[in-house]
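Reading through the structure tokens given below for one structure.
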Amino acid sequence: MRYIGCMEIQPIKRLSFRDEVYGALKKSIITLELQPGERLSDKELAERFGISRTPVREALKRLEDEGLIQSLPGSSTRVAPLQWEEAKHAFTVVAALHALAARLACPVLQETDIQQLEQHNKELHLAIEAGDVIGAMEADERFHQVFLDAAGNPEIVAALRMSLPKIQRLEVSQFTSQNGLASVAQHDGIIAACKKREHEAVVRLVEENWLSLGGLLI
């Protein structure tokens, strides 16, 4: 024990494996590369990733806790089906959380933050015109991340992490350029309100942005 102070402690690789598998599977589920109802085998996934089954099982358990996969009788696991009613409730929660982030962020927004909002909205517009569904979703996420970063409240981020993937799967499955362009226009209104320092208008417009998207998709 007297030598432990000289030891170089290395990160536990199994934990990083779990996180990498979790991230890869989550992205595949959200983008519908893994289809709703598709069966998942921890043995096959472990072979594909070239790791043991333990971190795969840990990643699957985490995804199950988030409602993205389901365990069935007989030790079978599948990608959770799209739940329209669940997504409807999730939109209400996500809209309220993003509105709260906007309320906290508005008093501290800098000019560089507004420039980022403009840039990400341009990226969203370009992705929509190119028919790039995933690119559009990621650009939209970057747009709203500006408010989340400025708000500096990790509890909002943690809560969104549980609800947002259910919405994102629906976005991918129901994407149309018309819905996307409507969001671009709404973002323009949010940016204009930010420039005028109309904080209450920003909060209202951010919430409306999410609720109107929910109304279009569901």
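Taking 4.0 Å as the cut-off between side-chain N and carboxylate O, Arg53 and Glu44 do not count as a salt-bridged pair. Ion pairing between Glu208 and Arg204 holds under the 4.0 Å rule for side-chain N and carboxylate O. Using a cut-off of 4.0 Å between Lys/Arg side-chain N and Asp/Glu carboxylate O, Glu47 and Lys43 are scored as salt-bridged. For the pair Glu200 and Arg103, the salt-bridge criterion is met [side-chain N within less than 4.0 Å of a carboxylate O]. The pair Lys26-Asp19 does not meet the salt-bridge criterion, since no charged nitrogen lies less than 4.0 angstrom from a carboxylate oxygen.
Connection of Leu148 to Ile190 is established within a shared hydrophobic cluster, with ILVMFWY side chains joined at heavy-atom distances below 4.5 Å, either directly or through further cluster members. Both Leu109 and Ile156 belong to a common hydrophobic cluster when Ile, Leu, Val, Met, Phe, Trp and Tyr are linked at side-chain heavy-atom distances under 4.5 angstrom. Cluster annotation: Ile128 and Ile134 are assigned to the same hydrophobic cluster (Ile/Leu/Val/Met/Phe/Trp/Tyr, side-chain heavy-atom contacts under 4.5 Å, transitive). Neither Leu82 nor Leu63 shares a network with the other; the hydrophobic side chains, linked directly or stepwise wherever heavy atoms of I, L, V, M, F, W or Y lie under 4.5 Å apart, form separate groups for each.
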> Is there a side-chain contact (heavy atoms from CB on, under 4.5 Å) between Glu58 and Arg62 once you walk through the steps?
Replying inline: CA-CA 6 Å; Glu58 291 172 345; Arg62 186 174 171 187; over 6 Å; no
>> Apply side-chain contact (heavy atoms from CB on, under 4.5 Å) to residues Leu117 and His187 and explain how you reach the verdict.
In response: CA-CA 8 Å; Leu117 291 172; His187 288 181; over 6 Å; no
>> Test side-chain contact (heavy atoms from CB on, under 4.5 Å) on Lys88 and Lys166; report intermediate values, then the result.
In response: CA-CA 10 Å; Lys88 180 180 178 181; Lys166 301 168 186 175; over 6 Å; no
>> Pair Phe147, Leu100 - check side-chain contact (heavy atoms from CB on, under 4.5 Å), show working.
In response: CA-CA 9 Å; Phe147 291 106; Leu100 175 58; over 6 Å; no
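Checking Ser71 against Glu64 by side-chain atom types alone, a donor-acceptor pair falls below 3.5 Å. Between the side chains of Glu123 and His120, at least one donor N or O sits under 3.5 Å from an acceptor N or O. Side chains of Arg39 and Ser76: a donor-acceptor N/O pair is present below 3.5 angstrom, by distance only. Side chains of His98 and Asn209: no donor on one and acceptor on the other come within 3.5 Å. Gln145 and Glu141 are not linked by any side-chain donor-acceptor pair at a separation below 3.5 angstrom, with hydrogens and angles left out of the test.
Residues Phe143 and Val184 are not in side-chain contact: their nearest non-hydrogen atoms beyond the backbone lie 4.5 Å or more apart. Between Ile114 and Ile191, some side-chain heavy-atom pair lies under the 4.5 Å cut-off. Inter-residue side-chain proximity for His125 and Leu181 is flagged as met; some heavy-atom pair is nearer than 4.5 Å. Here the side chains of Leu72 and Arg78 are in contact, with some heavy-atom distance below 4.5 Å. You'll find the side chain of Lys196 stays beyond 4.5 Å of the side chain of Cys194, heavy atoms only. Here the side chains of Arg169 and Pro36 are in contact, with some heavy-atom distance below 4.5 Å.
Of all the heavy atoms in Val172 and Ile30, the pair that sits closest is CG2-O, 3.5 Å. Minimum interatomic distance between Pro55 and Ile51 (heavy atoms only, all atoms of both residues): CG-CD1, 3.8 Å. A pairwise comparison of heavy atoms in Ala127 and Ala136 identifies CB-N, 3.4 Å as the closest pair.
Atom CG of residue Leu32 and atom CD of residue Glu38 lie 10.5 Å apart, to the nearest 0.5 angstrom.
Around atom CZ of Arg48, no more than 12 heavy atoms belonging to other residues, nucleotides or ligands sit under 6.0 Å away. Enclosure of atom CZ in Arg142 by more than 12 non-hydrogen atoms of other residues, nucleotides or ligands within 6.0 angstrom is indicated.
The closest donor-acceptor contact from the side chain of Glu85 to the backbone of Gln83 lies at 3.5 Å or more, if one exists at all.
The aromatic rings of Trp210 and Phe91 lie tilted to each other, with the angle between the two planes from 30° to 60°.
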